[in-house]
Amino acid sequence: MRKNYFVKLLRYMKNVYHLERGLNKLTDGRVNPTYSTGQVIMPVLFGFLLRVRSFNELNLMIKNHEFSKLVSRGTKLPQVDAIRDTLKVIDIDGLKQINQHIVKKAVENKAFENGTIDGYTVVAIDGTKFFGSNKKSCPECLKNTKGEKTHCFHSGAVMSTVGMGPKLVIGFEMYNPGKDSASKDEGELNVGKRLISSVVKSHRNLIDVVVYDALACNSIWINHCEDLGINAVVRTKNNNNRSLRSAKSKVNKSEAVNVWKDEKGFEKVEVYESTFTMDNVEQPLRFVKFALKHKNKKRTQIMIVTTCMNMALKTLFKIIRARWDIENSIFNNLKTECGLEHCFVHGGKAVEAVLYLIFIASNIMQLFLVRRLRNHIATQREIVRLLLKGLYLLKYKAKLVFSSS
Ligand SMILES: [Zn+2]
């Protein structure tokens with residue numbers, strides 16, 4: 001049993017993160033339910049840990065008694081209809097608290113003791129679409145009509161740690177059609193503001209720097225971060241912010257302040273910088289341009305605006321490049337491996353609930369891989385294979401109860 005990775009994971013979830021307590025506290029709005037909320041949610045969470053791509057796949061696992069050793073003898077697990085009904089009326093706050101508890105525990109256990117990039121704890125925000133479908137929809141869906149086809153989807157902003165250590169989803173916020181502007185950038189910026197405010201409320205002093213893309217290169221975002229006491233790094237493109245234009249032309253006439261040879265896969269990186277003041281922002285800001293010469297001689301550039309006035313240029317370069325972590329480790333991974341784009345269920349609280357469960361599973365997996373297994377299993381595919389093998393072995397071994405309620 002020593003090498004059974006499923007048992008290892010189960011013990012890790014129970015002993016370090018007390019997940020079963022959070023599940024037992026969950027509630028929902030069903031009347032006289034056969035199964036408690038925790039009983040319904042447990043197999044869904046394990047389904048996402050094992051990377052199921054649809055509820056039908058999960059239903060097959062339940063019907064085949066794959067999870068039977070995780071509950072007391074005689075306890076039946078719910079089928080997919082009960083799962084869908086429960087998700088629609090679940091109390092989202094309970095799921096939010098489970099994720100907050102995981103992040104808090106990780107911080108307490110010093111997962112980010114040395115920061116994620118050169119001593120700073122850096123998070124990135126990114127907007128994305130979830131659960132797109134041409135068939136299923138709900139009243140909260142956003143709609144895109146092309147010809148006769150209407151594509152329904154949900155969208156939101158996600159925040160995760162980037163750089164070294166486990167990539168944890170710290171929080172997410174849904175786009176709200178009633179509240180948020182229909183204009184893409186303005187709407188997403190609004191969601192991003194709500195997201196960072198709520199994260200700072202529940203995780204004081206966790207974040208040092210937040211990195212975001214060009215839609216946040218404006219006084220609204222920078223002042224918002226300043227009010228929360230967090231440093232901002234934002235990508236800037238050729239946008240028409242007047243004060244920024246003059247900073248750019250100043251930099252274009254100046255000499256490079258630094259030239260790095262053979263830096264992180266680039267043949268040469270030339271760095272230019274200047275300080276400037278942005279309209280409607282009180283504090284001075286820093287504008288930095290990294291002119292990149294790639295190994296294949298191609299030239300590109302990355303331009304940023306930041307409130308970090310004294311931060312080393314190399315650290316800023318690492319931060320802006322780590323922004324892609326959220327794209328690679330979180331979104332691409334969840335989209336290809338966990339069906340983040342698949343439409344599991346629509347209606348009521350279900351979309352938000354499924355997202356929470358996908359993110360909770362992803363966080364547990366990250367912590368398990370990085371903290372408990374110390375990265376000695378290289379790929380997620382491999383760990384999922386080992387977990388499924390462990391689950392199979394468990395089926396024919398002694399009982400190991402995860403939740404007895
Ligand atoms: Zn919907």
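Start at 1 and go down the list; that is how both ligands and their atoms are numbered.
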> With no hydrogens and no angle check, is any side-chain donor or acceptor of E173 less than 3.5 Å from a backbone partner on A157?
Replying inline: no

> Can you list the protein N, O or S atoms less than 2.8 Å from the Zn ion (ligand 1)?
Replying inline: C138 SG, C141 SG, H154 NE2, H346 ND1

> Which residue pairs pass the salt bridge (charged side-chain N to carboxylate O under 4.0 Å, His left out) test with at least one member in residues 283-295, sequence neighbours excluded?
Replying inline: D262-K295, E267-K293, E273-R286

> With sequence neighbours left out, which residue pairs that include part of residues 115-124 fulfil the salt bridge (charged side-chain N to carboxylate O under 4.0 Å, His left out) condition?
Replying inline: D118-K318

> Could you give all pairs that pass the side-chain hydrogen bond (donor to acceptor under 3.5 Å, both in side chains) test and reach residues 198-212, with sequence neighbours left out?
Replying inline: Q100-S202, E188-Y212

> Does the ring center of W260 lie less than 6.0 Å from the ring center of F317?
Replying inline: yes

>> Tell me if the aromatic rings of Y12 and Y5 count as close, with their centers under 6.0 Å from one another.
In response: no

